[in-house]
Structure formats: C-alpha cells, structure tokens
Protein chains: 2
Amino acid sequence: MENNLPHNTLIRLSKYRRLLEKYKYMDEPYIFSHDLARMLDIKAVNIRHDLMLLGLTGDRQKGYSINLLLEKITSIIDRPGRGVILFGMGRLGKSLISYLKNSESKLQIVAAIDIAPAKIGTSWEGVDCRSIADLGSIMDSQASPIAMLAIPSEEVSILLPFIVDAGIKGILNYTPEHLAVPEDVFVKNMDMVSALEEISYFME
Amino acid sequence: MENNLPHNTLIRLSKYRRLLEKYKYMDEPYIFSHDLARMLDIKAVNIRHDLMLLGLTGDRQKGYSINLLLEKITSIIDRPGRGVILFGMGRLGKSLISYLKNSESKLQIVAAIDIAPAKIGTSWEGVDCRSIADLGSIMDSQASPIAMLAIPSEEVSILLPFIVDAGIKGILNYTPEHLAVPEDVFVKNMDMVSALEEISYFME
C-alpha cells in the first residue's frame, strides 16, 4: 500500500473520518470545507488541500459528498486484516482492550501476551492472554500486526527484543521508556508523564 | 513562570530528565551529549542546543554534570503544587491513577470526578471520587490544575463546559472527541484510535 501522504494530512484525515461518521446518516449528504474547519478548529484551506491530495474537489454549490469522503479516506487509512497484539494484560491493558472494543475502529486487539504465568490462559472481553513463546505462531496468523505496549518499564528490555525479532514494524508505546528499535520500526509514544509535563509547561 | 522554550526542546528535556534520573546515583557524575544522543536516538547537536538554551555548557573533558542537568531541568519543568483532576472513574481512569502513582512524577491526581451517582464517594488508591458539583471547591484548593479526561465520548459535551468555566487551562484528552475550547486552553490529545491509524499508515 502507498503511504506517501504528509504526516499532518494523515492525522487530519483520521479526524475528518471520525467527525463525518456522525453525519453519514443525516439528510444532507454534503458538507462544506468551512463547516468541517469550524467543527475541528482546522483551517479550511488545509482541509481543501488535504482532500485535493486524495483527488477530491468540492462542488461549489453543495460542498463535498460525505459518503465519497468517507469511502476515500477509509480506503487510504484502513488496512483490512491488520490486528493489534497487546503486551501486558494488567489493568491498563484490559482498559485498552475494552476501550478499543467500544470504539468503531477496524483495528482490534487480536491477542494479548504477558510474562506473568498467572495471567497466561486468562482472557478479557474475548482476547486470550498467551505466553511470549506463542508470539511466533500469533505472527503466522497475522498480516503485519501492530504491537501495543502496556507493560511495566522494567519489562521493556525483556520483551522488546522478541517484538523486534518477530518482525513487528509498528509499536504504540504506553510505557515511559525510550524504545531503541531499528529504523524501519515506527514507534508512537503515548507516555502520560511526558504529556502532563508538556501541558504543565505550556498552559497559561 | 516563563514558558518560552521551543516545543520540541521541552519535550526533549522531559526525556533527558527521565533518563538521567537513572544515572544520578552512579559513580560517574558527568555525561557527554553524544552518550545522551546515543541512548535517546536524538542528535547530539540538538541536545547541546537545548542545554545551551538552559544556560548549560558541557566541560570538554568531562561532559555535563548530571546533578546540575537534573536540577536545572526540574526547575524548568516542575510546577510545585500543581495537581491533576481526573474526570471519569472507570477502568481507564483507575488505571491512569495507578500508573501515575507508580511513576516518579511530581504531578499527581488530587481528585476524581464522575457523573455516575454510584461512583461518587468511592475512592481508588487514595483518590476520592466526587460530584461535578464539587469542582468549584476542588478548584479553590488547587493552584491551576490540569484536567485529565477519561470519560466516554458522550459525556464530553456535558462535562467540558464545566471544566472550561471552572478556569482549567490544560487538558489531557484520552477521549477521541475534538475538544472545542477557548484559545487559552492547552489541549493534548491521546486518542488511541488515531494513534493506531497513524502507525498503521506509516509502518512498512
């Protein structure tokens, strides 16, 4: 699949889709870029530019077709068949399973892995917790899955080598640790402490 | 307090501190920028530039004093007395309380608020859950707190006006909703679905 859109465009497409999903059953099947702009606090010119990159232009009288927008964005963002493997079946891990299950996301957690023997064999909302020894067979059944790290800091150095060796190329990192990974692995950090420190510094 | 450092510098300072905290009890009280660079996958020239903004220069022979770095970064990042108010005492909210309590962060959750009557009056790891009607008195006892949103999407439109009216100027948003807030409110979004979509698009 192509992945040559600018980073900020992709992030905004995700926002457009989320908003438009709420409007798709409404009577008016069209929306103007300035209405999207107002609802998302994004400049209309950026929105029009993003949509032009997808080959979409709005009708001067009616705006953009909501269904066409949704269809096009979905074809770009979604990777049918891709799943998420959760590492860490603790309280945070379980809350992430529940959260994602309640969202409308196509990306769902397909398996969980924990190193605590007591957790292996348990399940939560239909997700089974397995041993790290099962990672190979989980990978065999998955098309390039994403790893989600919800483990304690001290387990990162134990589990990360297995994740990289298994060939996982995308990681959502809820731990505060810096992940030293090869260049072809895409990491997104979601550490709460850094986020709070950032807010605390920049808020008025 | 001043908050005129570049955004990326502040985010990196947070990373330096986290790493240096592990080294402060070691024998060697100095560190070179290229060692920091290697451990954090950040260019040494950026690190030296960041530290120069703090008025720090390394000794050519020994590098930077770790204790001096920690002291200086802490004086910039920390806001003594600032607390966090959690909105939403569900599974995610509770896991965030536990997570932050187990971190070494000075920023701690001082109160929780939930709109479910059954949750009001309960507590989790020392954090009491209170009614939205108590927000005013909680604010009176706090110096410019941060709000952390771990509520269901449908509660955002109910609770956000109270949060803004109470004068809260910083929000960590775990919901997938776009928060329409005045310009002087700093919002950081931590939505899992957007993050997964971003990874899924850009990973190889």
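All figures in this text were calculated on a predicted structure; none of them were measured in a lab. In what follows, every chain begins at residue 1, and chains take the letters A, B, ... in the order their sequences are listed.
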Taking the side chain as C-beta and beyond, is there a heavy-atom pair between A/Tyr99 and B/Asp191 under 4.5 Å?
yes

Would you please go through residues 138-149 of chain A and name the residues with a non-hydrogen atom below 4.5 Å from one of chain B, in numerical order?
A/Ser144, A/Pro145, A/Ile146, A/Met148

Given a strict heavy-atom distance threshold of 4.5 Å, which part of A/Leu10 is in contact with chain B: side chain, backbone, both, or neither?
side chain

To the nearest 0.5 Å, what is the distance between CD on B/Glu197 and NZ on A/Lys106?
9.5 Å

With a cut-off of 6.0 Å (strictly less than), are more than 12 heavy atoms of other residues, nucleotides or ligands near CZ of A/Phe202?
yes

With the side chain counted from C-beta on, respond yes when B/Glu198 and A/Ser14 share a heavy-atom pair under 4.5 Å apart, and no when they do not.
no

Positions in residues 177-188 of chain A that reach chain B, provided some heavy atom is under 4.5 Å away:
A/Glu177, A/His178, A/Leu179, A/Ala180, A/Asp184, A/Phe186, A/Lys188

Are a donor atom and an acceptor atom from the side chains of A/Arg82 and B/Ser200 found within less than 3.5 Å of each other?
yes

Proximity breakdown for A/Leu96 and chain B, heavy-atom pairs closer than 4.5 Å:
both

Residues of residues 111-120 of chain A near chain B, each having a heavy atom less than 4.5 Å away
none

Whatever's closer than 4.5 Å to a heavy atom in chain B on A/Ile171 counts as backbone

Any non-hydrogen side-chain atom of A/His7 less than 4.5 Å from a side-chain atom of B/Tyr201?
no

Measure distances from B/Leu5 to the heavy atoms of chain A and classify the residue's part below 4.5 Å as side chain, backbone, both or neither.
both

Please classify the contact between A/Lys94 and chain B as side chain, backbone, both or neither, with a heavy-atom cut-off of under 4.5 Å.
both

Side chain / backbone / both / neither for B/Ile11 at chain A, heavy atoms under 4.5 Å
side chain

Part of A/Ser103 within contact of chain B (heavy atom distance under 4.5 Å)
side chain

Minimum-distance pair of heavy atoms, taken over all atoms of A/Gly170 and B/Met203
N-CE, 3.6 Å

Among B/Val84, B/Leu107, B/Leu40, B/Val193, which has the most heavy-atom pairs under 4.5 Å with chain A?
B/Leu40

Can you name the residues that form a salt bridge (charged side-chain N to carboxylate O under 4.0 Å, His left out) with A/Glu21, not counting sequence neighbours?
A/Lys24

For A/Ser95 and B/Arg91, work out which heavy atoms get closest and say how close.
CB-CG, 3.5 Å

Tell me if the NZ atom of B/Lys43 is crowded by more than 12 foreign heavy atoms within 6.0 Å.
no

Less than 4.5 Å to any heavy atom of chain B: does that hold for the side chain of A/Leu196, its backbone, both, or neither?
both

